[in-house]
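Throughout, protein chains are lettered first and strands after them, A, B, ... in sequence-line order, and every chain is numbered starting at 1.
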Amino acid sequence: MSTDARTRMSSIARAIGAAAVCMMAPGGAALGQDDPLDRLDDRLTFGAWNDNLRARLSGTLDLEGYYLRQPAPGLIFSEGNEVFNPRLSLFLDAQVGTHVYAFVESRADNGFDPGEPGPPVRLDEYVLRFTPWDDGRFNLQIGKFATVVGNWSLRHGSWDNPFVTAPLAYENLTGVWDTTAARETSEELAWAGLRPAPTYGGEYLQEYHDVPIIWGPSYASGAAVFGEIGKVDYAFELKNTSLSSRPETWAPTETQWQHPTLSGRVGFLAGEMWNFGFSASAGTYLQPMAAPTLAPGKGFDQYLEVVMGQDVAFAWHHLQIWAEIYEARFEIPEVGNARTQTYYVEAKYKFTPQLFGALRWNQQLFSSLPTATGTARWGRNVERVDVGTGYRLTPHVEVKLQYSLEHQDANLQNWGDMLALQFTARF
Amino acid sequence: MTAPGLRRLAAVLATLALPPAAVAQASAEGRVELAKALHAPVMNKRYGIVAHGGVLSPFPPVAVVYLEGPFPRPSTPPTAQMAQKDLMFMPWLLPVQAGSRVEFPNLDDTYHNIFSYSPAKRFDLGRYRSDERPIPSVLFDAPGLVTLRCDIHEHMRALILVLDTPYFVVSDAQGRYRLDGLPAGRYVLKAWLDSKTTLERPVLLQGGATLHADFP
């Protein structure tokens with residue numbers, strides 16, 4: 001690490017540390033008898049009609065600092081080695097009687113993903129849910145919301161995620177573009193960075209066109225039905241874009257409904273300890289702007305992203321373990337099916353009431369595509385280990401540190417690493 | 001000696017000066033003007049399936065009325081319970097004597113993870129099922145206010161008020177209370193309303209008599 005980089009990183013760490021001290025100070029003044037943020041919580045809960053209509057305003061303030069080696073991993077869009085990413089998220093949860101629930105999440109930050117160009121203030125999620133029966137056997141919701149696929153979206157919020165970043169499946173960019181349809185294998189391999197790409201500029205530009213298997217929590221728009229019947233839970237959603245689609249396409253005004261994506265998950269709860277799930281999804285991964293580049297005689301429905309997944313979660317006392325495995329297929333007419341498999345195993349353990357540690361092993365493998373001379377793998381296989389620790393200073397303030405070491409099958413630079421520090425205040 | 005110290009000494013002397021028959025016969029009753037009711041919490045149901053209805057009972061405002069004095073701690077720890085039922089703590093406010101053990105039975109068909117970062121007691125019970133035995137419990141040995149939360153269900157919050165006295169009672173929803181079996185003598189009667197509000201008044205308890213003490 002250079003002296004400049006060290007100075008900048010230490011400035012970020014100092015800013016995050018100062019924020020932590022500031023947030024702890026009011027709690028100390030109250031001698032921990034209760035938390036001022038609890039009183040704020042009470043004041044931000046509103047009710048009417050004998051509390052049959054209630055609403056609660058809450059939020060999180062996240063300050064994230066990254067120190068990384070280029071090329072930036074995952075969904076961090078930066079050409080530098082240090083990234084500072086502040087984010088304020090506001091939530092409005094509302095309950096009307098026993099059968100109607102709504103929530104809205106708005107965010108102010110430097111883009112949905114660190115360094116990503118995008119509006120600084122957004123309405124990321126909004127949901128209206130109808131629950132006709134009290135036992136939860138059936139729910140219907142419409143809006144813009146996290147995908148039902150897998151189990152990571154349940155804990156993707158900064159307060160619930162033991163790490164700062166997501167598993168590979170949710171952030172590792174493949175060589176598939178959503179802005180242009182690949183017309184031949186060499187083009188696809190160029191996009192994956194495996195062949196020279198003289199016409200498409202530098203790596204940063206390429207990265208901006210690439211998509212992962214699932215883009216973060218995938219807040220696309222649509223409708224979902226879900227419920228729990230005995231030990232089985234189910235969820236199916238119809239959304240306007242595929243799991244791999246980027247945040248700019250999630251709003252209903254951005255992507256129309258000519259080529260919707262259908263996704264679902266069926267889960268089995270074996271007691272409270274174990275939860276198993278099977279997920280599947282299919283939908284076109286191309287944006288409408290890719291229409292001029294489609295192969296002759298082919299439509300968007302031939303450019304499908306098909307995802308099959310399995311997930312498992314285990315919890316007992318202070319230990320939590322999650323694992324997911326995905327197989328994704330990007331169908332590219334006249335090129336072939338670009339397949340990739342990825343999995344991760346993640347564990348979190350609370351050492352003390354306030355201190356926890358987390359460990360995650362990720363791997364992503366790519367299949368081969370036919371070329372003029374045989375076959376060629378269409379992506380670089382990746383292995384990554386994430387080590388994290390977190391400390392809850394108060395019930396509302398948490399600091400997390402993550403170190404990630406990544407290895408890619410690349411010719412020049414095989415190893416990459418990243419250090420991330422995140423401060424979260426929840427109110 | 002400070003004023004509270006003098007009061008405590010006077011109470012000890014008064015207690016010692018009374019005949020044993022009179023020591024456990026006094027009563028106190030009255031009414032406490034309660035705090036304004038809070039709205040029922042709004043459950044965060046953003047990502048999970050919540051197989052329960054959406055309306056939770058509001059926390060009824062109540063007061064804890066207790067007699068402060070130099071009372072000995074119990075030789076065997078008394079046991080109290082604070083359950084988790086329908087994704088709520090029941091009761092939401094539990095007074096106990098310092099040295100008591102509190103059990104936290106999970107009566108729901110889902111995990112709970114009770115924890116507290118309060119200085120009076122810091123603990124984290126982890127995730128446990130309803131059928132786990134022994135029922136997870138915690139010994140509350142230092143007086144103070146302990147705020148309980150669930151790490152899974154953000155809206156769940158409850159209080160345990162750990163007191164240095166065996167003489168306490170929770171008022172009803174109208175603020176009415178009655179304490180029986182009190183020792184005669186001079187004491188301070190207190191009414192805890194919330195973490196910032198504890199009302200108090202000096203009282204003289206006489207054997208066989210009921211003292212009326214309101215806390216407006």
Visitor: To the closest 0.5 Å, what do you measure between CZ (B/F115) and NZ (A/K350)?
Guide: 7.0 Å
Visitor: What closest approach, in Å, do B/G126 and A/H318 show between heavy atoms, and which atom pair accounts for it?
Guide: N-CE1, 3.4 Å
Visitor: Could you tell me if the side chain of A/Q320 sits less than 4.5 Å from the side chain of B/R127, heavy atoms only?
Guide: yes
Visitor: Check each atom of A/F145 against the heavy atoms of chain B and say whether the ones under 4.5 Å are side chain, backbone, both or neither.
Guide: neither
Visitor: CD/A/E125 to CZ/B/R46 distance, rounded to the nearest 0.5 angstrom?
Guide: 8.5 Å
Visitor: Measuring from B/D109:CG to A/L269:CG, what's the distance to the nearest 0.5 Å?
Guide: 9.0 Å
Visitor: Side chain, backbone, both or neither: which part of A/D41 has a non-hydrogen atom closer than 4.5 Å to chain B?
Guide: side chain
Visitor: Examine whether an atom of A/S153 lies under 4.5 Å from a heavy atom of chain B, and if so say whether it belongs to the side chain, the backbone or both; otherwise answer neither.
Guide: backbone
Visitor: To the nearest 0.5 angstrom, please state how far the CZ atom of A/F351 sits from the CG atom of B/D124.
Guide: 13.0 Å
Visitor: Looking at every heavy atom in both B/M43 and A/Y101, which two are closest together, and how far apart are they?
Guide: O-CE1, 3.6 Å
Visitor: For B/Y111 and A/E272, work out which heavy atoms get closest and say how close.
Guide: CE1-O, 3.1 Å
Visitor: To the nearest 0.5 Å, what is the distance between NZ (B/K45) and CZ (A/F103)?
Guide: 12.5 Å
Visitor: Nearest 0.5 angstrom please: B/L38 CG to A/D42 CG, how far?
Guide: 5.0 Å
Visitor: Quick one: what part of A/S58 sits under 4.5 Å from any heavy atom of chain B, side chain, backbone, both or neither?
Guide: side chain
Visitor: Please classify the contact of A/R392 with chain B as side chain, backbone, both or neither, using a heavy-atom distance under 4.5 Å.
Guide: both
